[in-house]
Amino acid sequence: MFKTWLLVIAVTAGGLALYPEWRAAHQAPPQLTVRYKAGSPATAAVAQPWLEVVNTSKKRVRLSDVAIRYYFTGDGTSSYAFNCVKAAVGCSNIAGETVALADPTATADRYLQISFTTGAGSLAPGAKSGAIGLQLYRPDGRKLDQLDDRSFNAADTTFQASRKVTAYLRGAQVWGDEPTGPAGSTGPTGSTGHAAASARGSSVPRSKPAHPRGIVFDDFHYSGPDDPALHAHGWLVRTSPGGPGIHDTWSAAGVSFPAEKTAAGGQVLQLRASTDGTRAGTKQAEVQSSGTDFLTGTYAARIYFNDEPTSGRNGDHVNESFYTISPNNSRYSELDNEYMPNGGWGAPGPKLDTTSWYSADTGDRVTHKLVSSLQGWHTMVITAVHGVATYSVDGHKLFSSGGKYFPRQNMSINFNTWFVDLPFTGPRAWDMRVNWFYYNADKAQSLKEVHKAVDDLYDSGTHYVNTVPKH
């Protein structure tokens with residue numbers, strides 16, 4: 001009897017010892033796998049994680065049901081911003097946000113969460129999403145230290161499966177190990193524990209509809225004028241010669257994307273015109289769309305106009321502009337908003353000139369002048385439908401034009417700050433800020449409809465989208 005019990009105990013003990021190996025051998029594969037590679041060194045102005053989703057299940061997976069989290073630690077108290085540089089599924093189908101962890105660890109106190117719209121499509125069993133190139137940066141321009149970032153691994157220069165990036169399918173965690181343990185601890189990682197429960201309890205996006213056809217939205221989450229995402233999203237920083245204003249003084253030096261507490265999304269496009277009163281000491285700033293994909297519909301932008309210089313003496317005839325323009329040919333078209341706080345061309349300010357052009361060569365145009373200060377934030381809207389172009393500020397109609405002054409060919413979008421002339425010497429600088437740009441190619445929208453569309457885009461975590469067909 002005693003020997004029999006010893007035998008039973010030995011067999012039972014052996015079975016328990018072998019159980020983990022048996023379980024590992026028979027465990028079902030994960031429904032999703034996330035592959036990662038590092039696109040920047042440990043210390044860099046911009047973190048560049050590349051991600052790829054692989055469907056390792058036996059069923060088709062809709063990407064709109066998927067969310068991915070990339071974990072990192074903040075450097076100081078700065079805010080963080082994200083954008084998409086390149087994606088096989090299209091950056092317009094990707095949304096992102098940075099979220100603070102309720103229970104931070106030594107290597108993670110926040111994460112970048114990526115989700116997809118229904119326009120991203122689905123993955124068949126074994127299929128990959130293709131590479132998704134992301135950027136994570138500080139709007140204050142300071143460099144990032146990624147050595148203590150949980151999901152960063154400088155050694156991964158080619159795509160590798162990474163369990164330090166987590167994936168969720170319809171809200172349930174299906175890949176990776178969430179960070180656990182209090183800050184400074186070296187506890188095990190995994191999907192159990194209070195911190196993991198806290199992360200799972202935060203907002204995980206559900207399926208999102210594809211963005212409507214024929215819209216453009218951008219809230220200018222970029223790290224600087226040389227950010228590759230800026231060009232990838234259809235914008236150019238002007239450095240070419242010519243006018244308007246002080247000819248041949250266009251410079252990237254005046255273009256930046258600082259944090260701004262009064263702006264939706266917390267970041268803006270800033271256009272600075274600076275001068276010492278001489279042409280050699282003058283720099284003007286412009287950002288324009290790289291294509292001419294815009295014609296009829298609704299154009300809107302939230303803009304901060306300044307009545308005083310950021311530094312130096314007041315009194316310049318400075319122009320803070322938002323306008324559309326086509327190539328200068330027989331079908332020339334242009335719709336202008338030009339704010340001049342100190343006036344210009346012999347007319348006093350503050351004034352806003354709204355102008356529809358038929359010919360730049362002959363000066364054939366119709367214009368309206370609003371004599372009023374526009375210091376502060378304003379939503380500028382131009383609608384161009386059914387042969388009539390209408391300008392408004394904060395929902396108040398200013399002016400309409402039609403007939404030959406209605407746009408005849410596709411135009412580009414332009415924001416700039418420039419000097420009409422240089423009336424005195426001495427250093428000074430003027431700033432105009434743009435919070436967001438929105439375009440709907442299909443219809444005229446009221447201010448309320450524009451704000452509803454923009455709010456919905458912000459709520460979905462969208463920083464950029466372009467669903468306008470290419471011409």
Side-chain angles (χ1 to χ4, degrees), residues 34-53 67-89 91 94-101 104-116 129-167 175-179 183 189 199 202 218-233 256-259 265-267 461-464:
V34 179
R35 288 156 46 90
Y36 157 85
K37 69 175 180 178
S40 62
T43 301
V46 179
Q48 296 176 315
W50 287 78
L51 303 175
E52 183 176 59
V53 180
I68 310 168
R69 288 177 180 170
Y70 177 91
Y71 298 90
F72 65 101
T73 54
D75 301 321
T77 59
S78 174
S79 61
Y80 281 77
F82 128 91
N83 57 44
C84 172
V85 180
K86 184 177 182 180
V89 300
C91 282
I94 291 176
E97 60 179 335
T98 57
V99 180
L101 276 167
T105 72
T107 59
D109 60 15
R110 61 195 80 187
Y111 56 82
L112 169 62
Q113 180 163 279
I114 299 300
S115 56
F116 305 83
S129 67
I132 303 169
L134 306 172
Q135 289 186 331
L136 185 66
Y137 62 93
R138 294 174 57 164
D140 63 11
R142 296 185 180 183
K143 288 188 175 182
L144 308 182
D145 177 7
Q146 302 182 80
L147 284 175
D148 58 352
D149 290 355
R150 173 176 173 79
S151 298
F152 173 76
N153 186 0
D156 290 342
T157 56
T158 59
F159 276 116
Q160 304 293 331
S162 173
R163 294 197 61 85
K164 292 185 177 181
V165 180
T166 56
W175 170 260
D177 302 319
E178 293 174 334
T189 60
S202 60
D218 203 321
D219 69 352
F220 301 106
H221 272 55
Y222 301 105
S223 60
D226 56 351
D227 189 335
L230 185 67
H231 184 267
H233 293 177
S256 61
F257 301 90
Q267 194 170 353
T462 300
H463 295 296
Y464 160 79

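Keep in mind that this is a model prediction, so the values were computed, not measured.
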Legend entry - Sequence-distant partners of Arg110, side chain to side chain contact (heavy atoms under 4.5 Å, CB included), two or more places apart: Phe72, Tyr80
Inset, instruction - Take Asp148 and Thr107 through the side-chain hydrogen bond (donor to acceptor under 3.5 Å, both in side chains) test and state the conclusion after the steps. - result: CA-CA 5 Å; Asp148 58 352; Thr107 59; over 6 Å; no
Inset, instruction - Not counting sequence neighbours, which residues clear side chain to side chain contact (heavy atoms under 4.5 Å, CB included) with Ala131? List them please. - result: Trp50, Phe159
Inset, instruction - Find out whether Glu178 and Tyr71 are in side-chain contact, i.e. whether some heavy atom of one side chain is under 4.5 Å from a heavy atom of the other. - result: yes
Legend entry - For Arg163, all residues meeting salt bridge (Lys or Arg N to Asp or Glu O under 4.0 Å), sequence neighbours excluded: Asp177
Legend entry - Parallel, tilted or perpendicular: ring planes of Phe220 versus Phe257, cut at 30 and 60 degrees: parallel
Legend entry - Sequence-distant partners of Ala154, side chain to side chain contact (heavy atoms under 4.5 Å, CB included), two or more places apart: Phe152
Inset, instruction - Would you indicate whether the side-chain heavy atoms of Gln135 and Asp227 approach each other to under 4.5 Å? - result: yes
Inset, instruction - With the side chain counted from C-beta on, respond yes when Leu101 and Pro179 share a heavy-atom pair under 4.5 Å apart, and no when they do not. - result: yes
Inset, instruction - Could you check His233, Gln267, His463 and say which one makes a side-chain hydrogen bond (donor to acceptor under 3.5 Å, both in side chains) with Tyr222? - result: His233
Inset, instruction - Taking the side chain as every heavy atom from C-beta outward, state whether Thr158 and Lys37 have any atom pair closer than 4.5 Å. - result: no
Legend entry - Derivation of the side chain to side chain contact (heavy atoms under 4.5 Å, CB included) call for Thr98 and Leu136: CA-CA 9 Å; Thr98 57; Leu136 185 66; 3.8 Å; yes
Inset, instruction - Answer yes or no: is there a side-chain heavy-atom contact under 4.5 Å between Trp175 and Ile68? - result: no
Inset, instruction - Using the salt bridge (charged side-chain N to carboxylate O under 4.0 Å, His left out) rule, collect all pairs that involve residues 129-140, keeping only residues at least two apart or in two chains. - result: Arg138-Asp140
Legend entry - Test item: Phe82 and Ile114 side chains (from C-beta on) under 4.5 Å apart, heavy atoms: yes
Legend entry - No-hydrogen, no-angle side-chain donor-acceptor test under 3.5 Å, Tyr111 and Ser151: no
Legend entry - Those residues that, when tested against Asp226, pass salt bridge (Lys or Arg N to Asp or Glu O under 4.0 Å) (two or more places apart): none
